[in-house]
**Student:** 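Handing you this structure, nothing more for now.
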Amino acid sequence: MTDEIIEELELEPERYELHAGPLLHFDLDRRDFFKVTGGGIFVLLALKGSLAQESGGGQRRGQGGAMPKEIGAWIHVAEDGSVTVYTGKVEVGQNIRTSLSQVVAEELRIPLTSVKMVMGDTDIVPYDAGTFGSLTTRMMSPQLRKAGAAAREALIDLAAEAAKVDRKELTVAGGKVIHAASKRSFEFGKLTHGQRVARVISDDVGVTPPGEWKIAGKSAQKVDARAIVTGKHEYSSDIKRPGLLHAKVLRPSAYGATLVSADSREAEKLPNVTVVKDGEFIGVAAKSESAAAKARESIRAEWKTAPQPSSRELFDYLRTNAGQSQGGGRGGGRPEAATGSIEKGLAEGDHKLQQTYTVAYIAHIPLEPRAAVAEWNDGKLTVWTGTQRPFGVRSELAQAFHIPEEKVRVLVPDTGSGYGGKHTGEAAIEAARIAKAAGKPVKLVWTREEEFNWAYFRPAGVIDVNSAVTRDGKITAWEFHNYNSGQAGIRTLYEVPNQLIQFHSTKTPLRQGSYRALAATANHFARETHMDELAHAVKMDPLEFRLKNLKDDRLRAVFEAAAAKFGWGKTKPAPGRGFGIAGGFEKGGYVAMCAEVSVDRTSSAVKIERVVASFDCGPVVNPDQLRNQIEGSVVMGIGGALFEAIEFEDGKLLNGRLSSYRVPRFSDAPSIDVVLVDRKDLPTAGAGETPIVGLAPAVGNAIFNATGIRARSLPMRLEKQIAQGAKG
Amino acid sequence: MANAIELNINSTRHRVDVESDRSLLSVLRDDLDLTGSKYGCGEGQCGACTVLIDGKATRSCITTVGSVVGKRITTIEGLEQHGRLHPVQQAFIEADAMQCGYCTAGMIMSAAALLAGNSNPSNDEIIKNMEGNVCRCGTYQRIVAAIHKAAKA
């Protein structure tokens, strides 16, 4: 069972994300919306290929052409005037429950608190591929704006009919349609009372321009903040069901281990314990978690293991096992970018530079580990679980149990984070298998060790860069090869006439998948570090060097905004300190960061003192929560930049627990200043991921500025080199 | 073997039939439906399970239920008094000091213990006291701001 999931998880993370689940679409005739909600106004947003165009999804899925017409979102205005939004997106801390509510409240001219969001319940929300790729704000938010606007227009139509006036004389405010001339007003609930209006609208309905926003575009507190601070919010692991049992799963002794034998007789003799054996899967259920753990411990299993590569030889392994080079997500086979001639470009430069950069496997460590509650009723399976892909997990469950998807309901309560690490349904499948055998609802909460060992990692990678630059600072050649970590953010926005940029797939010793910003972190680290090295080679200021090779207005603007706020070029760092700058573009967002680091004289430890982050994601929906996401990206990025790395040997993790794997803590967090570049004239983009890409190179470049020692590996563990350098 | 154990939680007496070597966290969550305290690591490294034992911030995942008999146990559910949020809870809302919220209860309990003993902590004192609580979403700067805010409330 577990093997099937691993095979499904594609090696290349971007491809994996875009291949996320089959494209299902609801059959409108079969679905009686009002059965779910009662009467009122129902607005369904039918997409006419805008999704396919914006994401390039059709081509990326290898289907060609536009995607079939499907429902993107729906909004219901009930007979009591309440407004409910149904979306397949899920809340994992990125705060979309609030920001999506804001755009709907804006279009319907109602207070934020009047909007209820139903999210990630596969029985009652429209199909959605998943919450990843920073697509919610880029895709779902515009869809909900349109659906909200259409609902508003439908209410105006009803009021015009009721008041027998021209609809142009009507305005909408405070949950009412108002006819100012006759001083009459019609509450939404009264208008919809006794009505069953379903409107299917196309995606070209007029929405309120960001420049006129009153609720969207403003800071709003998290809508469920009170439930969170009082401990009342129910995560998947908090769900209770009548007769609930607790489950544990027997894990293999190493990756790829095969089961030779298992003696579970002792466990089977224990009172109130169910033991499930299904191929290599062995699970137990008992009345308490500790009883389940004891039953599992009594099972004597023998595993056969095979020698496997270790983290010490990882980078050689990735390079030597590289297969055919692959293009990036848009066809495959060809380089991601190839213009001019590298040979010619190298000949034209005055300085040539060849360097290799590496990034380690790192773990997501969502503070809520994988958890699921599963129950079977008359052949129908219901699972509550924290995942970024509710419909994807529904498919996994349907496949695992050979039942139609209609027989599976997945509900995703707002989840204790994901960061790209919760695309799969392992815990859901395991809990469902054990519940089926036990004949009772079952809860399975992975331990932290299980989450480390049996989830998946951000891919490790090796990046070779070969470049040349003229004496006066023009880049003439840029050759960039990425082994394994992925294509996201692999292209350069710097103007280089001769480019060859290629991704190479290879064999990976560990199970790998998505991670916040995917490979854009690795590719930006290599690119922006290399840019710094080139600037140093031609003795130019790193910012000046970047701007000299950059035409893109938006990237220039964030660089300039970050530099201005930081005071770049205005002051020199104090002794033992250094300044660094880096920036880039990914998923529709532009980021630049300036960092100041200090290096401790005795321990040579690096501390990030302050960071200025400038970000442009088009029109800002919720400034304070956007700041929160950018600050969070900076802090999360510190782990991968300075100390996070998975160590492994022979199919076992050597540091797969929180006591041996360091994550950023309070004392690691710098002072963070965020500068938002609010571009109301442009389409809106997501913000949960892209800001993380700027942190590592900005810090590495600041360390070089402070010590003269260049970091070319993530994490940058430079204490020894700094200590030796200081002695020399 | 399971024994009847009496616990004083949030000023209410609870009788539970559990083995005394079980973790306080599992008894709170699974036997008493007090699910505000969270499991994050099971080895006292992340602070998501933090509760107060006689006022002291304690990791309930590595505390046996037998060891807290006769002591005052306060969980996140016990901070709100007569519909009024504790100042730290209120400050977390006002400072937007959360993203996914899974660490929040533990953060609030650690901060409440700090403020009970030090009504006006410095930045460094806050950081030192909170170092054992992990927020993977990275809201540390906001949490520090929230604790300052609560101290002034």
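Labels below follow one simple rule: chain letters A, B, ... track the order of the sequence lines, proteins then strands, and each chain is numbered from 1.
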**Student:** Can you say whether B/Q89 sits under 4.5 Å from chain A via the side chain, the backbone, both, or neither, judging by heavy atoms?
**Tutor:**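 Contact with chain A is through both the backbone and side chain of B/Q89.
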**Student:** For a 4.5 angstrom cut-off between non-hydrogen side-chain atoms, does A/Q221 reach B/I93?
**Tutor:**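 Side-chain contact under 4.5 Å: yes.
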**Student:** Given heavy-atom pairs under 4.5 angstrom as the criterion, report whether the side chain, backbone, both or neither of A/S417 touches chain B.
**Tutor:**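 Its backbone and side chain both get close to chain B.
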**Student:** NZ of A/K440: more than 12 outside heavy atoms within 6.0 angstrom?
**Tutor:**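 Not more than 12 within 6.0 Å, no.
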**Student:** Tell me, out of A/S659, A/A225, A/G639, who's got the most heavy-atom pairs with chain B below 4.5 Å.
**Tutor:**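 Looking at each option in turn, the highest pair count goes to A/S659.
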**Student:** Please say whether more than 12 non-hydrogen atoms of neighbouring residues, nucleotides or ligands are located less than 6.0 Å from NZ in A/K218.
**Tutor:**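 Yes, NZ of A/K218 has more than 12 neighbouring heavy atoms, counting only those of other groups under 6.0 Å.
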**Student:** Do A/E368 and B/K38 meet the salt-bridge criterion of a basic N to acidic O distance under 4.0 Å?
**Tutor:**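 Looking at B/K38 and A/E368, the cut-off is not met.
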**Student:** I'd like to check A/K232 versus B/T35 (side-chain heavy atoms, cut-off strictly below 4.5 Å). Are they in contact?
**Tutor:**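 The answer is no, as the side chains (C-beta and beyond) never meet within the 4.5 Å cut-off.
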**Student:** Between A/E91, A/K222, A/Q94, which has the largest tally of heavy atom pairs under 4.5 Å with chain B?
**Tutor:**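 Greatest number of close heavy-atom pairs with chain B: A/K222.
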**Student:** Report which part of B/D33 has an atom under 4.5 Å of a heavy atom belonging to chain A: side chain, backbone, both, or neither.
**Tutor:**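 Its backbone and side chain both get close to chain A.
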**Student:** With a 4.5 Å cut-off on side-chain heavy atoms, are A/R448 and B/E43 touching?
**Tutor:**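 SC-SC contact between B/E43 and A/R448 ruled out.
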**Student:** Between A/S288 and B/E19, is any pair of side-chain heavy atoms under 4.5 Å apart?
**Tutor:**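 A side-chain contact is absent here, since even the closest heavy-atom pair is not under 4.5 Å.
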**Student:** Just wondering, are more than 12 heavy atoms of other shown residues or ligands nearer than 6.0 Å to NZ in B/K56?
**Tutor:**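 No - once you tally the heavy atoms of other residues, nucleotides and ligands closer than 6.0 Å, there are 12 at most.
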**Student:** Of the non-hydrogen atoms in B/I143 and A/F666, which two are nearest, and what is the gap between them?
**Tutor:**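 Closest heavy-atom pair between B/I143 and A/F666: CG2-CZ, 3.7 Å.
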**Student:** Ignoring hydrogens and angles, tell me if any N or O in the side chain of B/Q141 forms a donor-acceptor pair with the backbone of A/I672 under 3.5 Å.
**Tutor:**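 At least one qualifying donor-acceptor pair exists.
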**Student:** Taking all atoms of both residues into account, what is the closest heavy-atom pair of A/L367 and B/C103, and its distance?
**Tutor:**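 Scanning both residues, the minimum pair turns out to be CD2-CB, 3.4 Å.
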**Student:** Could you tell me whether the side chain of B/R136 and the main chain of A/I365 form a donor-acceptor pair under 3.5 Å?
**Tutor:**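 It does hold such a pair.
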**Student:** Taking the side chain as every heavy atom from C-beta outward, state whether A/S237 and B/R29 have any pair of such atoms under 4.5 Å apart.
**Tutor:**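 The answer is yes; the side chains approach within 4.5 Å.
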**Student:** By the definition side-chain contact (heavy atoms from CB on, under 4.5 Å), identify the one residue from B/M98, B/Q90, B/H86 that meets it with A/V229.
**Tutor:**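 Exactly one pass, corresponding to B/M98.
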**Student:** What residue, out of A/H364, A/R516, A/E289, A/K443, has the most heavy-atom pairs lying under 4.5 Å from chain B?
**Tutor:**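 So the answer, after comparing A/H364, A/R516, A/E289, A/K443, is A/H364.
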**Student:** Between chain A and each of B/E94, B/M130, B/K128, count heavy-atom pairs under 4.5 Å; write down the option with the most.
**Tutor:**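 Between B/E94, B/M130, B/K128, the count favours B/M130.
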**Student:** So which of A/I228, A/D238, A/V635 has the largest heavy-atom pair count under 4.5 angstrom toward chain B?
**Tutor:**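 Top option by heavy-atom pairs under 4.5 Å: A/D238.
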**Student:** I'd like to know if the side chain of B/Y39 reaches the main chain of A/P369, judged simply by a donor and an acceptor atom lying under 3.5 Å from each other, with no hydrogens or angles considered.
**Tutor:**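 Side chain of B/Y39 to backbone of A/P369, a donor-acceptor pair under 3.5 Å: no, none is there.
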**Student:** Which residue out of A/M636, A/H233, A/R657 racks up the most heavy-atom pairs below 4.5 Å with chain B?
**Tutor:**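 That would be A/R657.
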**Student:** Considering only heavy atoms from C-beta outward, does the side chain of B/C137 approach that of A/Y419 to under 4.5 Å?
**Tutor:**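 They are in contact (side-chain heavy atoms under 4.5 Å apart), so the answer is yes.
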**Student:** Closest approach of B/E80 and A/T230, non-hydrogen atoms and distance?
**Tutor:**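 Distance-wise, the nearest heavy atoms are OE1-CG2, 3.3 Å.
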**Student:** Any chance you could lay out the side chain to side chain donor-acceptor pair (under 3.5 Å) test for B/D96 and A/Q625, step after step, and finish with the verdict?
**Tutor:** CA-CA 8 Å; B/D96 277 316; A/Q625 295 299 342; 3.1 Å; yes
**Student:** Is any side-chain heavy atom of A/Q629 less than 4.5 Å from a side-chain heavy atom of B/Q99?
**Tutor:**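 Yes, side chains in contact.
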**Student:** Pick from B/A105, B/S26, B/C100, B/G36: which one has the most heavy-atom pairs with chain A under 4.5 Å?
**Tutor:**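 Most heavy-atom pairs within the cutoff with chain A belong to B/C100.
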**Student:** Report yes or no: do B/E131 and A/S667 form a side-chain donor-acceptor pair below 3.5 Å?
**Tutor:**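 Checked: B/E131/A/S667 side chains pair up, N/O donor to acceptor below 3.5 Å.
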**Student:** Do A/D668 and B/Y140 make a side-chain contact, defined as non-hydrogen atoms from C-beta onward lying under 4.5 Å apart?
**Tutor:**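 A/D668 vs B/Y140: side chains apart.
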**Student:** Does a salt bridge link A/D624 with B/R142, judged by any charged N lying under 4.0 Å from a carboxylate O?
**Tutor:**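 B/R142 and A/D624: salt-bridged.
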**Student:** What part of B/I127 lies closer than 4.5 angstrom to a heavy atom of chain A: side chain, backbone, both or neither?
**Tutor:**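 Backbone plus side chain of B/I127, per the 4.5 Å heavy-atom cut-off to chain A.
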**Student:** Among the options A/K240, A/E449, A/E451, pick out the one with the most heavy-atom pairs lying under 4.5 Å from chain B.
**Tutor:**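 Result: the option with the highest number of such pairs is A/K240.
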**Student:** Can you tell me if A/Y235 uses its side chain to pair, donor with acceptor, with the backbone of B/Y102 under 3.5 Å?
**Tutor:**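 Side chain of A/Y235 to backbone of B/Y102, a donor-acceptor pair under 3.5 Å: yes, one is there.
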